[in-house]
Number of protein chains: 2
Amino acid sequence: MQQPAPGRRAQQRQQRLAQILGAAEQIFATSGFEGASMAAIAAEAGLPKANLHYYFGTKEALYAALLEDLLRLWLSATDAIRPDSEPAAALEGYIRAKMAWSRSRPHASKLFANEVLRGAPLLAAHLSGGLRALVEEKAAVLRGWMAEGRMAVVEPRHLFFAIWAMTQTYADFDTQIRLVLDVPALGDREFDDGVATVLRLVLGGCFADSARQHG
Amino acid sequence: MQQPAPGRRAQQRQQRLAQILGAAEQIFATSGFEGASMAAIAAEAGLPKANLHYYFGTKEALYAALLEDLLRLWLSATDAIRPDSEPAAALEGYIRAKMAWSRSRPHASKLFANEVLRGAPLLAAHLSGGLRALVEEKAAVLRGWMAEGRMAVVEPRHLFFAIWAMTQTYADFDTQIRLVLDVPALGDREFDDGVATVLRLVLGGCFADSARQHG
DNA sequence: GGTTATGCTGACCGCGTGGTCAAGCTTTCC
DNA sequence: GGAAAGCTTGACCACGCGGTCAGCATAACC
């Protein structure tokens, strides 16, 4: 392991970055920006604190890097909603994707929640820029379907708010759900029930006739 | 104002307590427990920092006092759901109440969200105690209605999770909603649209046939 | 092998934090 | 009026924070 394999430096750099980002996501998610300490993140990553500063400069820059990655994921989830999609299938796909995301990346979801709760100081520009444009675009698709009578008339943007809220609650509020359901952790059963419930509400609300098939 | 009116002390005490609790709710809601500083709360309340410590002892005790009040409100909102209620009307009433609460007490809702996001260290006992019992009780009412064929069969507890998520998002995520809708603040219009959307989804999902009347 | 650029980190710093307290002030009670 | 009880607050403290940096280790390049 001593020979200077070419690119060893770059490779280790990537590993360290991932190590730090992973630890930071977890700590920031459960403690919030202010509550998290660089020392705690360093401990979680198994690195000296000064090393984090070497790679990211400041705590805020590290936090911002996480949010950047995060938002890219967030925005890409709506891909299934396109004018040529079948409306119910498109919404179902979107809900399933969001729900899967809540399950696989709960820390990321909590991080996002924390940031928005704080008033989104670092995300405001993205929210009123990229996200607004995306929502506007997808809302137009839904309005098209409504005009064609292929789905019920709802304010499309509020429909998105509802879907976001219901799906992300399984990540953000997992503690509450866990305690109310009296289970040690959310597993297959809880997520299946969650998906079924969200699908029923959304499909029932947007495609009243077909709703009864989803019980 | 100099004469020693009887009870002047107790009266001023109440005023001070309210003053502190109000300021604390606001600061804790937007900064989280760790992010909030006693100095910031004191400044918001217009009192010296040492005064807060005189009344509440520690930061955590002040925070806990807020959560205590909060949970009492939270639990009382389900009153409308009783076995002898008309199912759709009961759910509609509950949703409207929750939505009104999001509008009138957004700080309280955010405070709650912050606490649950952190893993609910101070609320865990209440969540798995009083709240779980309440949900179990109301879930039983819903199951009764389902058995009688008066509403669709859904997992009642997950239905509650969905309703909580959709209604509270108008308080907790108001920043995001505001930026996406491109309005300076959430007003009548936005809350009316929100109520309409949530009602459509829940009533459409639980009472499929009558859903179309709510567009 | 030698030189340079990059990576790494222990020790340190100034600052804001939650919390304390002695001293003074005001209301209450007799 | 006077003593006791409760209230107020400026000054202070130890501590943990984000951030810095000098000095050393290692990989890259010729």
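Letters A, B, ... mirror the listed sequences (proteins, then strands); counts begin at 1. It should be emphasised that the depicted structure is a prediction, and the values quoted were computed from it without experimental measurement.
Side chain of Arg178(A) to backbone of Ala185(A): no donor-acceptor contact under 3.5 angstrom is found. Formation of a donor-acceptor pair under 3.5 Å by the Lys49(A) side chain with backbone atoms of Ala43(A) is not found in this model. Panel note: side chain Ser109(A), backbone Arg105(A); no donor-acceptor pair is recorded below 3.5 Å. Judged by distance alone, with hydrogens and angles left aside, the side-chain atoms of Thr78(B) form no donor-acceptor pair with the main-chain N or O of Leu134(B) at under 3.5 Å. Between the Ser85(B) side chain and the Ile81(B) main chain, no donor and acceptor come within less than 3.5 Å of each other.
For the pair Gln14(A) CD and dT6(C) P, the computed distance is 16 Å after rounding to whole Å. Atom CD in Glu60(A) sits roughly 14 Å away from atom C1' in dG19(D) (whole-Å rounding). Separating the CG atom of Leu47(A) from the P atom of dT9(C) is a distance of 7 Å, rounded to the nearest angstrom. Rounded to an integer number of Å, the gap from Gln11(B) CD to dT26(C) C1' is 15 Å.
To the nearest 0.5 Å, atom CD of residue Gln176(B) and atom CG of residue Leu123(A) are 8.5 Å apart.
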Would you be so kind as to tabulate the donor-acceptor pairs closer than 3.5 Å made by side chains of residues 156-164 of chain B, with sequence neighbours excluded?
residue, atom, partner, partner atom, Å
Arg157(B), NE, Glu155(B), OE1, 3.4
His158(B), ND1, Tyr170(A), OH, 2.7
Trp164(B), NE1, Tyr94(B), OH, 2.7

If a protein heavy atom is under 4.0 Å from the base, mark B; if only from the sugar-phosphate, S; if neither, -; do that for nucleotides 10-18 of chain C going 5' to 3'.
B------SB
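Within 6.0 Å of the CD atom in Glu136(A), the count of heavy atoms belonging to other residues, nucleotides or ligands exceeds 12.
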Below 3.5 Å between N/O atoms, which protein atoms pair up with nucleotides 4-7 of chain D? Just atom names and distances, please.
residue, atom, partner, partner atom, Å
dG6(D), N2, Arg9(B), NH2, 3.2
dG6(D), N3, Arg9(B), NH2, 3.1
dC7(D), OP1, Arg13(B), NH1, 3.1
dC7(D), OP2, Arg13(B), NH1, 3.4
dC7(D), OP2, Tyr54(B), OH, 2.5
dC7(D), O5', Tyr54(B), OH, 3.4
dC7(D), O4', Arg9(B), NH2, 3.1

